[in-house]
Amino acid sequence: MPMDAGYLTGLGLPFGGPPVVLRLPEETEASAAWSSKPQAKEKPAKPAAKAEAKAEAKAEDGPDGRSFLEKWIETDLAPGGRCHKQKVLTRFPPEPNGYLHIGHAKSITINFGLAHKYGGECNLRFDDTNPETEEVEYVESIKEDVEWVCQALEMEKCKKGGKPWKGEVLFASDYFEKMYGFAVDLIKHGKAYVDSQTAEEVQKNRGGGPNNLPGVDSPFRNRSPEENLRLFEEMQAGKHPEGSLLLRAKIDMNHPNMNMRDPPMYRIRFSHHHRSGDRWKVYPIYDFAHGNEDAIEGITHSICTLEFENHRALYDWFLDNTSTIPSRPYQKEFARLEVQGAVTSKRKLLRLVKEGHVTGWDDPRLLTVRGIRRRGVRPQGLKRMCDAVGVSDRNSTTPWDLVEECWREDLESVSKRRLAVLDPLEVEIVDYNKEEVIEGITDFPDQSPDPSCARSLSFSKTIFIDRSDYQENPPEGYFRLGNIGSEVKLRYSYVIKLKEVVKDKQGKVMKLKCSHDPSTRDVMPADRKPKVIHWVNAKDCMDAEVRLINPLFLPMPDPMPEGKDFLSFINPEAWVVCRAKVEKALGSCQLQDRFQFERVGYFAPDYDCFAKPPKLTFNRVVPLKESSDKKKIEGKGTASRKEAQQAAAAEKDRLQKIPPEDFFKQERGEEFSAYDEAGLPTHDKDGNPLPKSSVKKLQKDLEKQKKLHESWKATQ
């Protein structure tokens, strides 16, 4: 049976047997030249929401806050180091077979960011070694995405109109001739051979599996260098069918690292390549190509994600055993970004797009770089998130709350304040019969009312407020419009008092009639403090589509139930459309603008605002921090405040019955593996001790649960 193409491309992956964790030699402390060198300081983010997640992600950082990658580079650059007096050169090597996602954004900030920090450069290289999956469309999109993410690094050459990468964009296919020569060099030195086994025989003879079986040498392993060279040349000449022959490295079929058991180097492909056309009939396997590409480019620090850790021995073997290699790069790995609830698999993303579950690769619900960008996240927000997560060599999952908090912190200082009513309810002010203009309203809090950065709002007899700011049967503690005679203060305007509720024949509230207190336009009344709400003037407000972007997926069970797949858990409220009324100033928004809709959240103009014909549309980037526990507009209509309070009461009733020693085991058991006698978690799910900062936070949560439970027991 011919060798299966899809299988062969993955032959270099581990297959059974115990994993071998490979480490670089013990690092020495970098000289004081680097540790004392002044570095540009970025404005620190607020630590409150990130402290717990950062503590685990950066547990291995030193007391000076440097990551292990920074220590590695500084050691190499120090006098006597491997790269002393050299320029750091890293690389970002995506495959042009899909769009970049949030995980790639972290890799971009690390590879380009570290090179920038140490005065070096970073190559953008497309690993186009698989002719069956590459597309020019992906190449162009990746270039655009890398440029966009790198805006956050504030590189001088980019400010002058240059690209963030070194020189021209590079392609692995440009090195096919040289890599072919490296393979010939290994063949001539008896370190590679052409194998004629079938796919089943290759897999079976690798051994491994649950019982860690030893490998079995191929019967073709001892072919002479001359015969191997002839067969390899015939493979390139197209004289053998796909899957019939395979060039393999001659290493050790009993090596404890499965990647070292005579891994594949070249396979036959009769596919058209998007750059080299039909010239090549053999294509290199990634494990062989990776280190060679780095060596050809003179990469000093090859930074990969953690799944390549067990491949490092193979990376080193190819470089150390090829006599014609032009330079000697070194590889180190970091944990890739895993975000709670995120789907970043190229296969799954492709299904979402092709089957119409999303509008395209830039759908703001997707965590592709293009989707994140359209959603309204700024490159600076992405970098803030990556900095908060930190650089670690241990896998972990980043809470979605941390991601949102980082984006929120980035937007806080740049978002212009505007008024937008997402679920409009008409209000007629019965004793107001004029029109006026409220001047000097600033874009940001505590901003001086300079005319260049201020706007005006018009006010008339009829306005719109948010429907959730009225409750026909208000619960206790509700301080907005409810009972006749209840009051609210309109933002920047008057206190109004409810006089009458107008309903249609079906009993739906259509309009409120209110009076106003003319002495309160610019001040809060001295004898009372009514709740402040937002509004827009019905006379000149604009219609807008406001999209509330929520997580695309509901929590997925693990393992997946029979008959279900990830599409079964698409969140029906991931995209909630509101027919909103917004203040007039939003009609002149620009694509780069960011807004805080007061009391609602952070929003960005969608591309539809600038289409032909234009359609005023805004995407919610992230909700206000407090809005998770307060009013929300979700689903088709408005969530009832009464229902929300009832749900909160039910949740409290449920929680108070849980003994504190069982609280974390029952509520968050999947996060931890060990607890002390009081029920306080001591180790994470992988058996690693929790950092002190995490334990401190958990201790506070445990104390709250203890008080809640004791309060409930006292009533029984």
Side-chain angles (χ1 to χ4, degrees), residues 24-25 27 30-31 33-34 37 39-40 66-95 104-129 142-143 146-147 149-150 152-158 160 162-175 178-179 182 286-305 308 311-312 315-316 318-320 322 324-334 383 386 391:
L24 285 178
E27 297 174 348
S31 73
W34 273 110
K37 183 177 179 180
Q39 302 293 335
R66 292 179 300 155
S67 73
F68 69 95
L69 292 179
E70 290 170 320
K71 294 175 184 177
W72 177 42
I73 293 174
E74 290 174 15
T75 298
D76 287 345
L77 292 175
R82 179 175 62 87
C83 302
H84 183 52
K85 294 186 177 181
Q86 292 185 40
K87 231 180 181 182
V88 169
L89 183 59
T90 61
R91 84 288 178 273
F92 176 64
E95 293 181 72
H104 292 112
K106 180 178 180 182
S107 184
I108 291 169
T109 60
I110 288 176
N111 280 286
F112 283 89
L114 288 174
H116 177 56
K117 176 176 180 178
Y118 293 106
E121 294 187 278
C122 181
N123 286 344
L124 174 59
R125 177 211 306 152
F126 288 96
D127 264 309
D128 56 345
T129 55
I142 290 171
K143 286 161 61 178
V146 170
E147 282 193 77
V149 173
C150 284
L153 300 177
E154 298 185 352
M155 302 166 71
E156 283 300 321
K157 65 177 181 179
C158 295
K160 297 176 182 178
K163 305 297 185 184
W165 49 82
K166 178 186 177 183
E168 298 296 320
V169 171
L170 304 173
F171 292 85
S173 54
D174 293 338
Y175 311 140
K178 290 183 179 179
M179 287 193 282
F182 295 156
Y286 181 77
D287 273 333
F288 174 70
H290 178 200
N292 290 330
E293 293 159 11
D294 288 346
I296 291 168
E297 294 174 10
I299 298 300
T300 60
H301 297 83
S302 183
I303 303 171
C304 307
T305 45
F308 291 99
H311 294 245
R312 194 198 307 162
Y315 178 97
D316 291 339
F318 281 128
L319 294 174
D320 292 338
T322 303
T324 55
I325 212 74
S327 70
R328 180 57 164 94
Y330 286 85
Q331 174 182 307
K332 202 170 182 68
E333 308 81 19
F334 68 95
K383 183 178 182 297
C386 293
V391 180

Any ion pair linking D174 and R125 (charged N to carboxylate O, less than 4.0 Å)?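 Here R125 does not pair with D174 in a salt bridge, since their nearest N and O are not under 4.0 Å apart.
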
Inset, instruction - Could you walk me through whether E74 and Y118 pass side chain to side chain contact (heavy atoms under 4.5 Å, CB included), step by step? - result: CA-CA 8 Å; E74 290 174 15; Y118 293 106; 2.5 Å; yes

Where [X] and [Y] come nearest, the two heavy atoms and their spacing:
X: V149; Y: A105; answer: CG1-O, 4.2 Å
X: G291; Y: L319; answer: O-CD2, 3.5 Å
X: K383; Y: L153; answer: CE-CD2, 3.7 Å
X: P326; Y: A295; answer: CG-O, 3.4 Å
X: A289; Y: T129; answer: CB-CG2, 4.1 Å
X: D294; Y: P329; answer: CB-CG, 3.6 Å

Measure the shortest side-chain to side-chain distance between [X] and [Y] over non-hydrogen atoms and say whether it is less than 4.5 angstrom.
X: C304; Y: Y315; result: no
X: N292; Y: K178; result: no
X: Y330; Y: H301; result: no
X: I73; Y: V88; result: yes
X: E121; Y: W165; result: no
X: E95; Y: Y286; result: no
X: S107; Y: F334; result: yes
X: R91; Y: K166; result: no

Contacts of F318 meeting ring pair (Phe, Tyr, Trp, His ring centres under 6.0 Å) (sequence neighbours excluded), chain-then-number -> F288

Inter-residue atom distance [X].[atom1] - [Y].[atom2], 0.5 Å rounding:
X: I296; Y: S327; atom1: CD1; atom2: OG; value: 9.0 Å
X: L77; Y: C83; atom1: CG; atom2: SG; value: 6.0 Å
X: L170; Y: E168; atom1: CG; atom2: CD; value: 8.5 Å
X: I299; Y: H290; atom1: CD1; atom2: NE2; value: 9.0 Å
X: T305; Y: I303; atom1: OG1; atom2: CD1; value: 11.5 Å
X: M155; Y: E147; atom1: CE; atom2: CD; value: 11.0 Å

Do any N or O atoms from the side chain of [X] and from the backbone of [Y] form a donor-acceptor pair under 3.5 angstrom?
X: T90; Y: N111; result: yes
X: T324; Y: F182; result: no
X: D128; Y: F171; result: no
X: S67; Y: E70; result: yes

Q: May I ask you to decide if the ring planes of F308 and H311 are parallel, tilted or perpendicular, using 30° and 60° as cut-offs?
A: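 Rings of F308 and H311: perpendicular, as their planes differ by over 60°.
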
Query - Test log, rule side chain to side chain contact (heavy atoms under 4.5 Å, CB included), inputs F126 and V169 - result: CA-CA 8 Å; F126 288 96; V169 171; 3.3 Å; yes

*asked:* Given the ring of F68, does R66 sit roughly above its face, with NZ or CZ under 6.0 Å from the centre of the six-membered ring and within 45° of the axis?
replied: no

E293, R312, Q331 screened by side chain to side chain contact (heavy atoms under 4.5 Å, CB included) with S302, the one that passes: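 Per the side chain to side chain contact (heavy atoms under 4.5 Å, CB included) rule, the option paired with S302 is Q331, out of E293, R312, Q331.
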
Residues at least two apart in sequence or cross-chain that pass side chain to side chain donor-acceptor pair (under 3.5 Å) with N123, listed by chain then number, are E297

Side chain to side chain contact (heavy atoms under 4.5 Å, CB included) evaluation trace for Q86 with D76:
CA-CA 9 Å; Q86 292 185 40; D76 287 345; over 6 Å; no

Inset, instruction - Kindly determine whether L69 and I110 satisfy side chain to side chain contact (heavy atoms under 4.5 Å, CB included), including the steps that lead there. - result: CA-CA 9 Å; L69 292 179; I110 288 176; 3.9 Å; yes

